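Have a look at the structure that comes next, please.
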There are 2 protein chains.
Amino acid sequence: MVAERAKVSRVAVSRAFNPHTSLKPEKRALILRIAQELNYTPDRAARALVSGRSHSVGVIVPDVCSPRESQEIDALTTALQNEGFATLLFKTQTDMSMDETLLTYMKGFNPDAVIAFVENIPPATLARVLDQAVPIYVHYPLEGQPETGVLAADKTLHDQLNVMQRNGIEQAVALLQGYGARRIAYLSGLPRSLASVAREQTLRAVMADRGLDEPIVFSGDFTYDTAYAATVDLFRVGQGADAVFAANDVGAFGVIDALRHEFGLRVPQDVKVVGFDDIEQSHWKSYSLTTVKIDLAERVRALVRLILRRLNDPGAPAFVETLQTRLVVRGTVG
Amino acid sequence: MVAERAKVSRVAVSRAFNPHTSLKPEKRALILRIAQELNYTPDRAARALVSGRSHSVGVIVPDVCSPRESQEIDALTTALQNEGFATLLFKTQTDMSMDETLLTYMKGFNPDAVIAFVENIPPATLARVLDQAVPIYVHYPLEGQPETGVLAADKTLHDQLNVMQRNGIEQAVALLQGYGARRIAYLSGLPRSLASVAREQTLRAVMADRGLDEPIVFSGDFTYDTAYAATVDLFRVGQGADAVFAANDVGAFGVIDALRHEFGLRVPQDVKVVGFDDIEQSHWKSYSLTTVKIDLAERVRALVRLILRRLNDPGAPAFVETLQTRLVVRGTVG
DNA sequence: CGCAACAATGAACACGTTTTCACGACTCGT
DNA sequence: ACGAGTCGTGAAAACGTGTTCATTGTTGCG
C-alpha cells in the first residue's frame with residue numbers, strides 16, 4: 001500500500017474510498033489526489049474477501065448470439081456498469097437447461113446475484129447449489145398468468161418483475177381480425193419454454209374472447225432454421241393459415257422467408273405475420289415485422305433496480321414491478 | 001473452513017484442490033469427497049488475493065447487439081469457460097473508442113487478461129492505466145499489411161493473431177469480375193476503423209492487380225441503418241455501381257435492402273453484393289449473402305490459446321498464429 | 001546398516017482490504 | 001465549568017486462501 005505517502009494510516013485510505021465513513025474532508029481529498037497520482041485503486045479481491053461482496057452479477061444464457069439475448073446482455077451490462085457492478089457471463093452447454101455443474105462453477109466466482117435467462121432449472125438443483133447469500137433471479141412466466149415473473153431462490157422472498165403480455169397480444173389479434181384473418185397459427189418456441197407456453201395461453205384466451213377458432217399450433221425452438229422448416233411442413237400438407245403468430249421475432253423471420261421463398265406467398269397479402277420481442281432486426285426492410293414489443297432496456301433497468309434493492313436490504317418485503325407490452329405495427333400485417 | 005472434519009490441516013485442503021502439490025492420494029480423495037458433501041469450493045476472492053490471479057478475462061465491446069460481436073462473445077465465453085475462466089463483460093459508452101475511465105473501472109476487477117474489441121485506444125491511455133501484470137490483447141490490423149493483428153500492451157511482447165484477408169477478397173473479386181462487374185463500390189465501416197481500412201487497402205490492391213478501376217468508396221459505420229442511407233445517397237446521384245463490397249455483413253444487408261426497396265433493383269441481376277464476416281444471419285433466405293468468411297470460433301480459440309500461453313509463461317518469446325479467410329458463395333453474386 | 005534424497009505434513013506468514021474497538025479532541029446543553 | 005455526546009483517528013483483528021520453511025517419516029542406494 002503505497003498511498004501512505006500521505007502520512008496517514010491505511011485505515012484512512014480505506015475510509016477515503018468509502019463515502020459513508022467519517023473522515024476529515026481535506027484529508028480525504030488529499031488521499032484521493034495522491035491515489036490518483038499513484039494510479040491506485042483499492043484491490044477488489046481483498047475487498048471482496050472481507051466484505052463478501054464481489055460487485056459482480058452472474059449472467060447465464062444459452063446462446064449469446066440470439067439477437068434477443070444479446071440485446072438483453074447489452075442493456076444489462078450497461079445498467080450494471082452504471083451501478084458499479086461487472087457482468088460475469090456464462091453459457092449453458094447445449095439447450096436452454098442448466099445443469100448443476102455450471103451453477104457450481106459460476107458460484108465459485110462469488111457473484112452477488114445471478115440472473116439466469118434459462119427457464120428449466122430444477123428447483124432441487126437450485127436449492128442445493130446456492131446458499132441464501134446469493135439472491136437468484138430466475139426469469140419465467142408465472143403459471144397460468146399472462147405475465148413473466150422474477151423469482152427469488154428463497155421461496156419466501158418473491159421479488160417480481162411482471163411483464164403483462166396481454167395488452168400487446170390483444171392489439172395484435174384485433175388487428176389481424178380487422179384484416180379478415182380467420183385461420184391463425186401459433187409457432188411455439190421450445191416446447192418446455194415457459195415464455196412460449198405463457199404466450200400461447202394468452203393468445204388462446206384472447207382469441208376465444210373474440211370468438212375466433214383455436215389457433216393451429218406448430219412447434220419451433222426460437223431459431224430461424226427450425227421456424228423455416230416448421231413452416232414448410234405446415235403449409236405443405238394442410239391449407240396453411242392466413243396469419244401466423246410467432247413466439248419470437250427471429251422465428252417470425254423464418255416463417256416469412258419460408259412463405260416467400262418456398263411457396264411464393266406474399267406477406268402480408270396472402271399471409272400475415274406477427275412476432276414477439278421487437279428486436280433490432282425487426283425493422284429491417286426485408287422483414288419490417290409487426291411485433292409485440294417488450295421494452296428490453298426498461299425491463300433490464302427494472303431488473304437491476306430489483307437486485308440493488310434486495311442487496312441493500314436483504315430482509316425487506318417483496319418488491320414488485322410491472323411492465324406493459326404494446327404492438328408495433330410495421331409491414332407484415334395489413 | 002469446515003472441511004477440517006477430515007481431521008487434516010487447512011493446508012492439506014488447499015493442496016487437495018491444487019493438482020501439482022504433494023499429498024497422499026488417499027488423503028486427497030478423502031478431502032475432496034468431504035468437500036463435495038459439504039458443498040465446499042475454495043473461495044475465489046481469497047485465492048485471487050494471494051495468487052494475484054482472478055481467473056477472469058475482461059472483454060470490452062462497443063455494442064453487444066451487433067451480430068458479429070455477439071458471436072465473438074459467445075465463442076469466447078465458451079472457450080474461456082472450458083479453461084476455467086470467467087468472462088467479465090464491459091461496454092464502451094458511445095462509439096468504438098475507449099476512454100480511460102472504462103479501462104480504470106475494468107482494471108479494478110483485476111482481470112488476468114483483457115480483450116478489447118475496440119480499435120482506437122490511445123497508446124498513452126493504455127500504457128498509463130495498465131500495469132504490466134495484465135497482458136492486453138487489442139485486436140487491429142497491422143499497418144500497411146493485409147492482416148489483423150493482436151498486439152500486447154508491452155511493445156516488446158508481440159503475440160500476434162493474423163487474419164489473412166487477401167485470400168477471401170481475391171476470390172470475391174475474381175467472382176465479381178467473372179460475372180462482368182466493372183464498377184465496384186466499397187462501403188466502408190467507421191472511417192477510423194483499422195479493420196475497415198485494411199479491407200479497403202487489400203481490395204484496392206487486388207483490384208489493381210486484376211486491371212480493374214479504383215473502387216468507388218462510400219462510407220458507413222458497420223450498422224444497417226447507415227449502410228441503407230449511404231446506399232440511397234450513392235445510387236441517387238451518380239450511376240451507382242454494378243457491385244458493392246461491404247465492410248461487414250450487416251452493412252451488406254442495408255445495401256441490399258436499399259437497392260431493392262428504394263430503387264427496385266434486383267440483387268444479383270442488377271447489382272451484386274459481397275459482405276465480410278459470415279455471421280449467422282447471412283444465410284437467411286432474404287439475404288443469402290455471398291461473403292468473405294472469417295471462422296470466428298477458430299479465431300477465438302486461437303485468441304484464448306495465446307492468452308493461456310502468455311499467462312503460463314510471461315517471459316516467453318512472441319507467439320504467432322495465422323488464420324485464413326475464404327469466400328462463401330451464396331445468392332448475391334451470380 | 002548408514003546416510004542421503006525425497007514425499008508428506010503442518011505451523012507461521014503474507015495478501016490488501018474492512019471492521020471493531022478504544023482513545024483523545026472537540027461541541028453542546030445545562 | 002462539567003459531563004454527555006459526536007467526530008476523527010489509528011491499532012489490531014479478521015476474511016480464506018497460497019506459499020515458504022522446517023520437521024518428520026519413508027525410500028533408495030551403496
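The model shown is predicted, which means the values in this text are computed figures rather than measured ones.
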Result of checking B/Glu298, B/Arg305, B/Arg301 against B/Glu321 for side chain to side chain contact (heavy atoms under 4.5 Å, CB included):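 The option that passes is B/Arg305.
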Distance in angstrom units between B/Asn18 CG and C/dA8 C1', rounded: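 Rounded to the whole Å, the gap is 16 Å.
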Nucleotide of C/dA12, D/dA11, D/dG8 approaching B/Val11 most closely (side-chain heavy atoms):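 Looking only at side-chain atoms, B/Val11 lies closest to C/dA12.
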Centroid-centroid distance, B/Phe17 to B/Tyr40, less than 6.0 Å: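 Aromatic pair counts; centres sit under 6.0 Å.
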Side chain proximity check, A/Ile294 to A/Arg299, heavy atoms < 4.5 angstrom: yes
Minimum-distance nucleotide (side-chain atoms of A/Ser14 versus D/dG8, C/dT18, C/dT9):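 Comparing D/dG8, C/dT18, C/dT9 against the side chain of A/Ser14, the answer is C/dT18.
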Side chain proximity check, A/Val61 to A/Thr92, heavy atoms < 4.5 angstrom: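 Heavy-atom side-chain distance check fails, nothing below 4.5 Å.
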Separation of B/Leu80 CG from B/Ile307 CD1 (nearest 0.5 Å):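 The CG atom of B/Leu80 is 6.5 Å from CD1 of B/Ile307, to the nearest 0.5 Å.
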Donor-acceptor side-chain pairing of A/Thr21 and A/Arg28 below 3.5 angstrom: yes
Spacing between A/Arg15 atom CZ and D/dA11 atom P, to the nearest angstrom: 11 Å
Integer-rounded Å distance: C/dT17 C1' and A/Phe17 CZ: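 Spelled out: CZ on A/Phe17 to C1' on C/dT17 is 12 Å.
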C/dA7 phosphate, OP1 or OP2, under 4.0 Å from B/Ser22 side-chain N/O: no
Criterion side chain to side chain contact (heavy atoms under 4.5 Å, CB included) against A/Phe90, the qualifying member of A/Leu103, A/Leu102, A/Val59: A/Leu102
Of residues 42-54 of chain B, the positions that come close to DNA chain C - non-hydrogen atoms, cut-off under 4.0 Å: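 Going residue by residue through residues 42-54 of chain B, the ones with a heavy atom under 4.0 Å of DNA chain C turn out to be B/Leu49, B/Val50.
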Closest nucleotide among C/dT9, D/dC7, D/dT17 to the B/Leu23 side chain: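 Of all the options, the side chain of B/Leu23 is nearest to C/dT9.
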Distance, rounded to the nearest Å, where A/His55 contributes NE2 and C/dT18 contributes P: 10 Å
Interatomic distance, B/Arg10 CZ vs C/dT9 P [rounded to whole Å]: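 Distance, rounded to whole Å: 17 Å.
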Whole angstrom value for the distance that separates C1' of C/dT17 from CG of B/Asn110: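 Whole-Å distance recorded here is 12 Å.
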Distance test, side-chain N/O of B/Lys27 to OP1/OP2 of C/dT9, below 4.0 Å: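 For C/dT9, OP1/OP2 do have a side-chain N/O of B/Lys27 under 4.0 Å.
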